[in-house]
Amino acid sequence: LISEKKRLEAQIQAIIARAIKEREIAMQKAEEEKRRRAEEEKLKREQEAAKAQGERDNTDLAGKKPTTTTKPSTSASTSTQPKPTTSTSASTSTSKAPIYEAPKGTGSLVMPMNGSIVIGFGQEKVAGLKSNGIEIRGSLGQSVKAADSGTVIYAGALNNLGSVIIIDHGNLVTVYGNLAGVNVSKGTKVSKGQSIGTLGRDSISKEPNLYFETRKGVNVVNPMVYL
């Protein structure tokens, strides 16, 4: 059991570490996109200012030399036709660019399920094995809810925890284990209190216990601090 728990811990840490890395990359790309858009807007303003100045210069020139009014007007009209197209293209590419929204929870959690806590944080479930989370006794098939708003970074099976859901809340990560059913998938954005799955049985006690864990990054923290 000890070796299995170590393997499970390594799996959870790897999932969270990978999600944090993906978030950092996405945020970096978002910053680069923000700078690109700012440059586009700056260039657009400069082009519009140059166009306006050119039109004023043509108007002044037309006032001094009436015979040349038609040619500059035609030239200006012709040369300015591609510019709106360029501006429209830039605007279109800007509107189609993806926007990244980092997960952001409230920082306070709600109980993921109604029931009594039968295993506390740090309590030995079996000799030599301390719990990294808490276990909440419920009934088979009972709805399990997201403790806070966030983004699902994992939904699938993990060693000795059955079906598992891991949610990134930005400031916290929550883990839900011993699920019989899963209603979400990786990348799903969930709201606080939203149903994400149904309760199954614990692999050791065979009781309908929800395993619930909270983490700061990859490090476990006591869920009761936030509930």
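Keep in mind the model is a prediction, meaning the values are calculated, not measured.
- Remark: Lys186 pairs with Glu22 by the salt bridge (Lys or Arg N to Asp or Glu O under 4.0 Å) rule, at least two apart or across chains.
- With contacts defined as side-chain heavy-atom distances shorter than 4.5 Å, the pair Leu199/Met113 qualifies.
- Note on Phe212 and Ile166: separate hydrophobic clusters, where clusters join Ile, Leu, Val, Met, Phe, Trp and Tyr whose side-chain heavy atoms are under 4.5 Å apart, directly or indirectly.
- Sequence neighbours left out, the pairs with a member in residues 155-178 that pass salt bridge (charged side-chain N to carboxylate O under 4.0 Å, His left out) are Arg23-Asp168.
- Pairing each heavy atom of Asn183 with each of Gly197, the nearest pair is ND2-N, 3.5 Å.
- Residues in residues 149-162 take part in no salt bridge (charged side-chain N to carboxylate O under 4.0 Å, His left out) pair, two or more places apart or across chains.
- Tracing side-chain contacts under 4.5 Å through hydrophobic residues (I, L, V, M, F, W, Y), one never reaches Val144 starting from Ile119; they form parts of separate clusters.
- When the side chains of ILVMFWY residues are joined at heavy-atom separations under 4.5 Å, either directly or via intervening members, Ile16 and Ile196 end up in two distinct hydrophobic clusters.
- Between Asn114 atom CG and Arg137 atom CZ the span is 15.0 Å, to the nearest 0.5 Å.
- Annotation: salt bridge (Lys or Arg N to Asp or Glu O under 4.0 Å) contacts of Asp148 (sequence neighbours excluded): none.
- Judged as a salt bridge (charged side-chain N to carboxylate O under 4.0 Å, His left out), not a single pair has a partner in residues 217-227 (not counting sequence neighbours).
- Residues Val184 and Ile167 fail the side-chain proximity criterion, which asks for heavy atoms closer than 4.5 Å.
- Other residues, nucleotides and ligands contribute over 12 non-hydrogen atoms within 6.0 Å of the NZ atom of Lys125.
- In this structure, Thr198 contributes its side chain and Gly181 its backbone to a donor-acceptor pair below 3.5 Å.
- In terms of the side-chain hydrogen bond (donor to acceptor under 3.5 Å, both in side chains) criterion, Glu46 has no residue partners (sequence neighbours excluded).
- Closest of all the heavy-atom pairs between Val110 and Gly193 is CG2-N, 4.5 Å.
- Ion pairing between a basic and an acidic side chain is recognised when a charged N comes within 4.0 Å of a carboxylate O; Arg37 and Glu33 show such pairing.
- With sequence neighbours excluded, no residue forms a side-chain hydrogen bond (donor to acceptor under 3.5 Å, both in side chains) with Arg35.
- Under the 4.5 Å side-chain heavy-atom criterion for grouping Ile, Leu, Val, Met, Phe, Trp and Tyr, Ile15 is connected to Leu8 within one hydrophobic cluster.
- The CD atom of Glu24 lies 6.0 Å from the NZ atom of Lys21; values are rounded to the nearest 0.5 Å.
- For Lys192, the side-chain hydrogen bond (donor to acceptor under 3.5 Å, both in side chains) partners two or more places apart in sequence, or in a different chain, are Thr106, Ser108.
- Applying the side-chain hydrogen bond (donor to acceptor under 3.5 Å, both in side chains) rule to pairs touching residues 7-19 yields Glu9-Gln13, Glu9-Asn132, Glu9-Arg215, sequence neighbours excluded.
- Glu32 and Arg36 are not joined by a salt bridge, as no carboxylate oxygen comes within less than 4.0 angstrom of a charged side-chain nitrogen.
- Interatomic distance, NZ of Lys51 versus CD of Glu48, reported as 8.0 Å (0.5 Å rounding).
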In a table with atom names and distances, give each donor-acceptor pair under 3.5 Å that connects a side chain of residues 157-165 to protein atoms at least two apart or in another chain.
from	atom 1	to	atom 2	distance (Å)
Asn159	ND2	Glu4	O	3.3
Asn160	ND2	Glu4	OE1	2.6

Which donor-acceptor pairs under 3.5 Å do side chains of residues 170-178 form with protein atoms, sequence neighbours excluded?
from	atom 1	to	atom 2	distance (Å)
Thr174	OG1	His169	NE2	2.7
Thr174	OG1	Tyr176	OH	2.9
Tyr176	OH	Ala147	N	2.9
Asn178	ND2	Asp202	OD1	3.4
Asn178	ND2	Asn209	O	2.9

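- Glu213 has its side chain within reach of Ile12: a pair of non-hydrogen atoms, C-beta onward, lies under 4.5 Å apart.
- Across every non-hydrogen atom of Ser131 and Gly133, the tightest pair is OG-O, 2.8 Å.
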In a table with atom names and distances, give each donor-acceptor pair under 3.5 Å that connects a side chain of residues 219-227 to protein atoms at least two apart or in another chain.
from	atom 1	to	atom 2	distance (Å)
Asn222	OD1	Met224	N	3.0

